[in-house]
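See structure below.
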Amino acid sequence: MERVSTRVFLLVLAAVFLPPLQEAFQRAPRWEFAVPPPRPAVPSATPFLRSDFLPGEGLTRSVHCPTLVETDGGLLAAWYGGSREGAADVAIYGARWDAASGEWGEPRVLTDAARTAADLGRAVRKVGNAVLGRDSSGRLWLFYVSVSAGGWSGASLNARVSGDGGLTWSPARRIPANPFFDKGTLARCAPVLFSDGGLGLPVYREGIGKFGALLRLDPSGRVFDEVRISWGRSSLQPSVVPGLPHWAVAFLRQSGTPHRRILRSDSSDGGRSWTPPWNMRLPNPDSAVMGLRGRDGTFLLVYNALEVDRDVLALARSTDRGRAWEEVYRFEEGEPGITGHSYPYLIQDERGVYHLLYSWNRERIRHVRFNESWLGGLR
Amino acid sequence: MRPPFPVHPYGLLQFWLLAAAAAAAALRASRRTRRARALILAVPLAAAIPLSGYLLGVAGELSVTSLLLLGCALAGALSGTRSLPRPDRSAVLGAVAAGGLILYPSASGLMPPDAYRLGYGPVLLLAALLVLSAAAWASGRRRAALFPVVAVAAYSLRLLESSNLWDYLLDPAVVLCAWGWTIVRFARRQRRKER
């Protein structure tokens, strides 16, 4: 009897352990970024820089953390707004920009705490940072954080997917990525594409530590690997910018130390590992930064160019793959009564036009667009 | 009463097991009539329908290990017998305490190594669990041996939202309980030695 039950147990062990072991052995994700080869800028186009505000002034008292993705025929922007950051009435709003007319449509609610609670079957007290992205099959992803109890260190990641360019969205699903009751994971910057078609989502943790990481997601949005970009208590909101299939740079916000600088970490193995973060020369007043590699190979960085506040929002450029940086323009110089311009989000559309969104005094979202000719003319 | 959120099956199960185990232990269910025991099971279930979403919001999905321990506690309180023999309980809680020491300090992000990453594509972790389970069985702790088996089966079926094996094995609540149990046990041993 004893021997029989041991045999049965061994059979059960084999039946339960072999399939996941086989799956784990066979899994071979490609660590290679999808980076299109550089295309020369279009020098003949008339240089331009234009700016406007997204509609919805007065819709909510406070707006913050804009995000942007290109869609067929234009752009889709999202941001969160409510009576104040972290209030229960905060919702994630979206608005469309029509490339033909150059006009923004009226904002509409993409999701809020009640909708997220209904989708996830659990209490949700507030929503926050949202990030839009597009996967290799053209589906749009809305990643956003929600909190059931406490502050941002109690945040968890969620995602909704749209197969029709953002007209309709799937119910939210949770993206667990943290062993502390899945609390303290947030996203802020654009996802990156890998050559196998998968998405990589830069995230950061706010809990015992403050650090950046890169989540690798399968087509259903499940995390199948995670790589730390930094560690410790002072780096967050990584903006990951692939420059070559096996090389990428991550720019991180630095918090908690005086005389802060933008932190930088590099990966030369397709994002599988990252160098310890080091201080760049560019300042950082504990605020979000956003990097982008333009399609002509130029690296751009939008950041607050002061050590102590967020009044000045500047553009830095590197033409030698991120070695040397120079400030080339200031979108905002700072003015009395305006407390800050922050959380920049920069993309380049298919026609080569750059679109920058940022939170303007936390009251409005500003949209700045410029082309390669304008950028090329900056000295 | 209409629940404030759609019912999440795993959330309902974890709330019910927690509430029923607590009620059964507090009310000494094994000494009650059959009808009273049925009520001890039914009332927490009724409460779980509107309330489980709050626990799920705050604590997320608890690990399979937590649910198995709660199930054992509930069965024991209802029957008046020990559903998890003492050596088995020691083996499970000892493994949970040790696993928590490996996982949580590194997952905090204060240092570069990241044990949580081992839970994705987890060849090493699965191999360790296989050895642990076989060793527990060989040493006669047969119920303890089934804990990793059930957790890995749940992982293969992706019963939880997470795709990380650690989340099927541990959660902060069960790790804190295991650490507390280890400290109390150590203190008792010391006291006995001193006598």
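Numbered from 1 within each chain, the chains take letters A, B, ... in sequence-line order. This structure is a prediction, so every number in the text was calculated from the model and none was measured.
- A:Pro179 places none of its side-chain heavy atoms less than 4.5 Å from the side chain of B:Leu170.
- Within 6.0 Å of atom CZ in B:Arg28, 12 or fewer heavy atoms from other residues, nucleotides or ligands are found, so the atom counts as exposed in its surroundings.
- With a 4.5 Å cut-off on non-hydrogen atoms, B:Tyr116 touches chain A through its side chain but not through its backbone.
- B:Met111 CE to A:Arg228 CZ: the interatomic distance, rounded to the nearest 0.5 Å, is 9.0 Å.
- Using a 4.5 Å cut-off between heavy atoms, B:Asn164 does not touch chain A at all.
- Contact annotation: the side chain of A:Ser5 approaches that of B:Arg142 to within less than 4.5 Å [non-hydrogen atoms, C-beta and beyond].
- Heavy atoms closer than 4.5 Å to chain B are found nowhere in A:Lys210, neither backbone nor side chain.
- When the candidates A:Val227, A:Leu21, A:Val223, A:Asp218 are compared by the number of heavy-atom contacts under 4.5 Å with chain B, A:Val223 comes out ahead.
- Minimum heavy-atom separation, A:Arg222 to B:Glu161: NH1-O, 3.2 Å.
- Only the side chain of A:Ala149 comes within less than 4.5 Å of a heavy atom of chain B; its backbone N, CA, C and O stay farther away.
- Between A:Leu13 and B:Ser133, the closest side-chain pair of non-hydrogen atoms falls below 4.5 Å.
- Shown here for A:Phe181 and B:Val58, the closest heavy-atom pair between the two residues is CB-O, 4.2 Å.
- For a residue to count as touching a neighbouring chain, one of its non-hydrogen atoms must lie under 4.5 Å from one of that chain's; by this rule A:Phe224 touches chain B with the backbone only.
- Among B:Pro122, B:Gly53, B:Pro112, the residue making the largest number of heavy-atom pairs under 4.5 Å with chain A is B:Pro112.
- Nearest heavy-atom pair across B:Leu56 and A:Gly121 is CD2-O, 3.6 Å.
- Neither the backbone nor the side chain of A:Asp182 has a heavy atom closer than 4.5 Å to any heavy atom of chain B.
- Each of B:Asp171, B:Leu165, B:Leu55, B:Leu130 has some count of heavy-atom pairs under 4.5 Å with chain A, and the biggest count is that of B:Leu130.
- Note on A:Ala114, A:Ala118, A:Gly150, A:Ser146: by heavy-atom pairs under 4.5 Å with chain B, the leading option is A:Ala118.
- For the set B:Tyr120, B:Tyr155, B:Tyr54, the count of heavy-atom pairs under 4.5 angstrom toward chain A peaks at B:Tyr120.
- Heavy-atom distances place the backbone of B:Pro113, and not its side chain, under 4.5 Å from chain A.
- Minimum heavy-atom separation, A:Arg272 to B:Arg117: O-NH1, 3.9 Å.
- Options A:Lys183, A:Arg216, A:Arg233 differ in how many heavy-atom pairs under 4.5 Å they form with chain B, and the most are formed by A:Lys183.
- In this structure, chain B has a heavy atom under 4.5 Å from the backbone of A:Leu120, while its side chain stays farther away.
- Closest approach of B:Leu110 to A:Trp231, counting heavy atoms only: O-CD1, 3.9 Å.
- For A:Phe9 against B:Val149, the heavy-atom pair with the smallest separation is CE1-CG2, 4.2 Å.
- In this structure, chain A has heavy atoms under 4.5 Å from both the backbone and the side chain of B:Ala145.
- At a heavy-atom cut-off of under 4.5 Å, chain A is reached by B:Leu103, B:Tyr104, B:Ser106, B:Ala107, B:Ser108, B:Gly109 from residues 80-109 of chain B, listed in order of number.
- Heavy atoms closer than 4.5 Å to chain B are found in the side chain of A:Glu23, but not in its backbone.
- Interface remark: A:Asn178 contributes backbone atoms only to the contact with chain B (heavy atom separation under 4.5 Å).
- No other option in A:Gly207, A:Ala177, A:Gly184 has as many heavy-atom pairs under 4.5 Å with chain B as A:Ala177.
- Ranking A:Pro19, A:Ser148, A:Ser156 against chain B, the residue ahead of the rest is A:Ser148, based on heavy-atom pairs under 4.5 Å.
- Proximity to chain A is limited to the side chain of B:Leu62, based on heavy atoms less than 4.5 angstrom apart.
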